[in-house]
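Below you'll find the structure, written out as structure tokens, and then a few comments.
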There are 2 protein chains.
Amino acid sequence: MLTKEEMPACPVATTVQLIGSKWKLLIIRNLLTGTQRFGELKKSIPGISQKVLTDSLRSMEDDGIMTRKVYAEVPPRVEYSLNELGESMRPIISAMEQWGTAYKNNQ
Amino acid sequence: MLTKEEMPACPVATTVQLIGSKWKLLIIRNLLTGTQRFGELKKSIPGISQKVLTDSLRSMEDDGIMTRKVYAEVPPRVEYSLNELGESMRPIISAMEQWGTAYKNNQ
DNA sequence: CTGTATCCAAAGAGATACTG
DNA sequence: CAGTATCTCTTTGGATACAG
């Protein structure tokens, strides 16, 4: 993948840079319904490994898409929620959702 | 990446399956403005290698997103254009375009 | 001009074991 | 529960050379 510095000045490229990787769109899709714990996310995204989920969450946190809140409890509880930037991706997810639905109906 | 058979029955996952890979969204974005030749596409997508462009185009052709038309000329001319399925992705690209624009304005 | 064929490097992903 | 640490394996991507 191109680094942010190498990216052409194209809005679509900017977007792909942030959420083009494999699982992120699915994570965002799940968080759009509200805050979720790590285990809930893992369960709601069949096939994702713990490592990939963790890596993706960290990366999205760094990109300012969502926030991570750790509760000092035993057993530990960690909640993930989209912040404003992540929320603003809703139209993209909606468009993909609609497209995917239409596509499946034509198969 | 999951195979089509393994994909969960989620519309977003279906969409990601078809256009989630690195360069495809950028190719679609370019073809949305109309038919383009191989060389034009390559020039309009800075950083893409010939191999990756070829591979992506073949894959998208197989997925029924676009068509490839070869003209029996010398030098050869090959034109790529979105078909109906590809065209129907316009809302997704538009949403990403708008998001990317807004994002850059806030940096 | 529009490819194909190789080869190699890098990134992404999966499995397993272990920990506060 | 929610991770981290490794170790592999696969997939993707990039570079170069060559061809119809």
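Protein chains get the first letters and strands the later ones, always in sequence-line order, with residue 1 at the start of each.
Out of D:dC1, D:dT4, C:dT4, the shortest distance to the side chain of A:Arg58 is found at D:dT4. Comparing C:dG20, C:dG3, C:dG14 against the side chain of B:Phe38 picks out C:dG3 as the nearest. The listed nucleotides are D:dC1, C:dG14, D:dG13; the one nearest the side chain of A:Trp23 is C:dG14. For B:Val52, taking side-chain heavy atoms from C-beta onward, the closest of the listed nucleotides C:dT4, C:dA13, D:dG14 is D:dG14. The A:Pro75 side chain lies nearest to D:dC1 when the options are C:dC1, D:dC1, D:dT4.
With the nearest nucleotide of DNA chain C identified for both B:Gln50 and A:Ser56, B:Gln50 has the one nearer the 5' end.
One atom, NZ of B:Lys43, and another, P of C:dT2, lie 12 Å apart when rounded to the nearest Å. Distance CD1 (A:Ile48) to P (C:dA15): 12 Å, rounded to an integer number of Å. We find that CG of B:Asp55 is positioned 16 Å from C1' of D:dT10, with the value rounded to whole Å. Summarising the geometry, the separation between CG on B:Leu53 and P on C:dC1 is reported as 14 Å, rounded to the nearest angstrom. The CD1 atom of A:Ile19 sits 15 Å away from the P atom of C:dG12 (whole-angstrom rounding). The distance between atom CZ of B:Arg37 and atom P of C:dG3, rounded to the nearest whole Å, is 10 Å. Whole-Å rounding puts the B:Ile45 CD1 to D:dG14 C1' distance at 16 Å. As rounded to whole Å, 13 Å separates atom C1' of C:dA13 from atom NZ of A:Lys42.
Nearest approach of B:Leu32 to B:Arg90, heavy atoms of both residues: O-NH2, 3.2 Å.
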Please lay out, stage by stage, how A:Met89 and A:Leu82 fare under the test side-chain contact (heavy atoms from CB on, under 4.5 Å). CA-CA 10 Å; A:Met89 287 174 175; A:Leu82 292 180; over 6 Å; no
Could you check B:Leu57 against B:Phe38 for side-chain contact (heavy atoms from CB on, under 4.5 Å), going step by step and ending with a plain yes or no? CA-CA 9 Å; B:Leu57 289 170; B:Phe38 184 86; 4.0 Å; yes
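At the heavy-atom level, B:Tyr71 lies nowhere under 4.0 Å from the strands shown. Among the heavy atoms of the strands lying under 4.0 Å from A:Lys51 is at least one base atom, whether or not backbone atoms are also near.
A:Asn83 places a side-chain N or O within 3.5 Å of a backbone atom of A:Gly86 that can act as its donor or acceptor partner.
Within the structure, a side-chain polar atom (N or O) of B:Arg68 is placed less than 4.0 Å from OP1 or OP2 of C:dG3.
Separating the CD1 atom in B:Ile65 from the CD atom in B:Glu84 is a distance of 13.5 Å, to the nearest 0.5 Å.
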